[in-house]
Amino acid sequence: MSKMGARLIYDGACIFCDAYVRLLSLREAVGPVELIDARSGDPRLRAYESAGYDLNEGMLFEYNGIVYFGADALHVLAALSAPASTFNRINGALLSKRHVARFFYPIFKFCRTITLKLRQIPKISGPITAKTFHERERDG
């Protein structure tokens, strides 16, 4: 796990997660951010899974050695993001409030689950590797 800086782990196959990460103006606010697709097969993901984080259940944001998961990650990301765009101003105004992030996170997670099922994309963990996932996506 990271001791300094920022690391964001998200589901790159989820169109909502991917768009959210691309729209955030996080680098302007916190400096370098390491983005890791939870489907990449990156060996560092095992440390988070061993610590009990199920990446099928939420995105993970680690900032200066503190791990935020799910709704808490969404809340911290919104609070830290620079208000460089309309999206970031709205995101910050709403989701930087912990109770609002905790209310909306299950709705966002439900939308992700339905979208992945409709696109026939399997869960992150399990026997599928990043290579076989991307081959399926290409062929399917």
Side-chain angles (χ1 to χ4, degrees):
M1 292 189 210
S2 172
K3 293 291 182 216
M4 296 300 287
R7 178 179 292 159
L8 178 59
I9 301 171
Y10 68 101
D11 185 354
C14 169
I15 58 175
F16 302 115
C17 303
D18 188 54
Y20 183 76
V21 168
R22 280 189 280 118
L23 290 171
L24 280 178
S25 295
L26 194 57
R27 285 185 177 97
E28 291 86 345
V30 301
V33 179
E34 183 179 14
L35 300 176
I36 301 176
D37 181 347
R39 295 177 186 273
S40 68
D42 189 308
R44 294 171 293 175
L45 296 173
R46 287 190 206 114
Y48 295 104
E49 291 167 349
S50 295
Y53 297 104
D54 181 350
L55 298 175
N56 285 299
E57 295 300 316
M59 68 170 47
L60 187 144
F61 179 59
E62 186 172 1
Y63 184 56
N64 290 334
I66 300 172
V67 176
Y68 303 93
F69 185 71
D72 292 330
L74 191 67
H75 161 70
V76 171
L77 288 166
L80 289 174
S81 294
S85 67
T86 301
F87 170 80
N88 280 284
R89 284 189 294 278
I90 293 169
N91 181 54
L94 294 174
L95 300 176
S96 65
K97 295 171 181 68
R98 179 173 274 124
H99 69 280
V100 176
R102 287 188 175 170
F103 174 81
F104 279 107
Y105 196 77
I107 297 167
F108 297 154
K109 196 168 87 169
F110 175 76
C111 292
R112 173 189 172 267
T113 300
I114 295 301
T115 302
L116 292 177
K117 284 184 186 209
L118 289 172
R119 295 180 64 208
Q120 299 180 333
I121 297 173
K123 287 186 173 193
I124 292 170
S125 60
I128 194 160
T129 64
K131 182 179 177 186
T132 58
F133 168 75
H134 292 296
E135 286 172 352
R136 244 184 95 177
E137 190 176 57
R138 182 189 66 226
D139 297 337

Could you tell me if the side chain of Tyr53 sits less than 4.5 Å from the side chain of Ile9, heavy atoms only?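 Sidechains of Tyr53 and Ile9: no contact.
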Any Asp11 side-chain heavy atom under 4.5 Å of Leu116 side chain: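 Side-chain contact under 4.5 Å: yes.
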Of all residues at least two apart in sequence or in a different chain, which pass the side chain to side chain donor-acceptor pair (under 3.5 Å) check with Arg22?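 In terms of side chain to side chain donor-acceptor pair (under 3.5 Å), with neighbours along the sequence ignored, Arg22 is linked to Asp18.
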Would a distance-only check, ignoring hydrogens and angles, find a side-chain to backbone donor-acceptor pair under 3.5 Å from Arg112 to Asn56?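 Yes; judged by distance alone, with no hydrogens or angles, the pair exists.
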Cluster question for you: counting only ILVMFWY and a side-chain heavy-atom cut-off of under 4.5 Å, with indirect links fine, are Val76 and Ile90 together?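 Shared cluster, yes.
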So if you build clusters from Ile, Leu, Val, Met, Phe, Trp, Tyr with side-chain heavy-atom gaps below 4.5 Å, do Leu77 and Ile15 land together?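 No: no chain of side-chain contacts under 4.5 Å links Leu77 to Ile15.
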Which side-chain N or O atoms in residues 99-111 pair as donor and acceptor under 3.5 Å with protein atoms at least two apart or in another chain?
from: Arg102; atom 1: NE; to: Asp72; atom 2: OD1; distance (Å): 3.4
from: Arg102; atom 1: NH2; to: Asp72; atom 2: OD1; distance (Å): 2.9
from: Tyr105; atom 1: OH; to: Met59; atom 2: N; distance (Å): 3.1
from: Lys109; atom 1: NZ; to: Glu57; atom 2: OE1; distance (Å): 2.6

Salt bridge (Lys or Arg N to Asp or Glu O under 4.0 Å) with Asp42: which residues, sequence neighbours excluded?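 With neighbours one apart ignored, the set is Arg44.
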Looking only at non-hydrogen atoms, find the nearest pair between [X] and [Y] and report the distance.
X	Y	answer
Asp54	Phe69	O-CZ, 3.1 Å
Ser96	Ala78	N-CB, 3.6 Å
Ala13	Arg119	O-NH1, 2.8 Å

Which pairs, with at least one residue in residues 12-31 and sequence neighbours excluded, count as a ring pair (Phe, Tyr, Trp, His ring centres under 6.0 Å)?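 Output for this query lists Tyr20-Phe87.
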Suppose we screen for ring pair (Phe, Tyr, Trp, His ring centres under 6.0 Å). Which residues come up paired with Tyr68, at least two apart in sequence or across chains?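 Listed in chain order: nothing, the list is empty.
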